[in-house]
Amino acid sequence: MTTKMIMLSLMIAISGFFYSNSNAQSMGDKNDMMMPDLKSWPEASRMAAEDMMSKYGKPDAVGAEVLGWMNKGSWIMIHVNK
C-alpha cells in the first residue's frame, strides 16, 4: 500500500467513527451537544481538548470519550480522545 492509500484509509476510518458512533452527536446545533465532563479525563487529554477549544471553538462532534473538529485551519479533521 502506498502512503496516500494508508492515509486515505485512516481518514475514512476516523470519519466513519464520528458518523456511526451512536454515542456521538455531530454537526447539528452546537447548543444541543452535551460536552463530556473533562475533569474525569487524563491531564494530557484535558489540556489538548482545552487547547483545541481555545483555537477552534466548540467541537463539531462530541462523544463520551472523543471531541472532534472538522475543516479547521489547514486540517481536515482534528480529534482528541480521552
Side-chain angles (χ1 to χ4, degrees):
M1 257 186 169
T2 67
T3 303
K4 279 187 176 182
M5 291 175 68
I6 292 170
M7 292 301 293
L8 181 59
S9 297
L10 180 60
M11 287 172 42
I12 290 169
I14 292 170
S15 63
F17 169 79
F18 282 119
Y19 294 112
S20 67
N21 184 347
S22 61
N23 294 326
Q25 300 175 2
S26 63
M27 304 303 219
D29 182 5
K30 292 181 184 181
N31 295 326
D32 292 341
M33 292 192 297
M34 293 294 298
M35 290 290 293
D37 181 14
L38 297 181
K39 293 177 188 172
S40 66
W41 286 31
E43 183 179 3
S45 297
R46 186 176 62 250
M47 290 174 61
E50 290 169 353
D51 187 38
M52 292 298 104
M53 284 189 277
S54 71
K55 288 180 183 176
Y56 302 117
K58 290 184 178 180
D60 297 314
V62 175
E65 297 187 355
V66 66
L67 302 176
W69 293 261
M70 306 294 219
N71 299 313
K72 302 295 181 186
S74 60
W75 305 102
I76 293 172
M77 184 181 313
I78 302 166
H79 72 275
V80 177
N81 292 317
K82 181 178 179 181

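Bear in mind the structure is a predicted one, so any value in this text is a computation, not a measurement.
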Quick check for you: to the nearest 0.5 Å, what is the distance between Leu67 atom CG and Leu38 atom CG? 6.0 Å
Looking only at atom types and distance, does a side-chain atom of Asn81 sit under 3.5 Å from a main-chain N or O of Val66, one as donor and one as acceptor? no
For Pro36 and Ala64, the nearest pair of non-hydrogen atoms, with its separation, is CB-O, 3.6 Å
When rounded to the nearest 0.5 Å, the distance separating NZ of Lys72 from CE of Met70 is 10.5 Å
Interatomic spacing from NE2 in His79 to CD in Glu65 - rounded to 0.5 Å: 12.5 Å
Is Tyr56 linked to Met47 within one hydrophobic cluster, defined over Ile, Leu, Val, Met, Phe, Trp and Tyr using a side-chain heavy-atom separation of less than 4.5 Å? no
Over all atoms of both residues, closest heavy-atom pair of Val80 and Ala49: CG1-N, 3.9 Å
Hey, are the side chains of Lys82 and Pro42 touching, using non-hydrogen atoms and a 4.5 Å cut-off? yes
Trp69 side chain to Gly57 main-chain N or O, any donor-acceptor pair under 3.5 Å? yes
Any side-chain heavy atom of Pro59 within less than 4.5 Å of one from Met35? yes
How far does NZ of Lys55 sit from CD1 of Ile78, to the nearest 0.5 angstrom? 8.5 Å
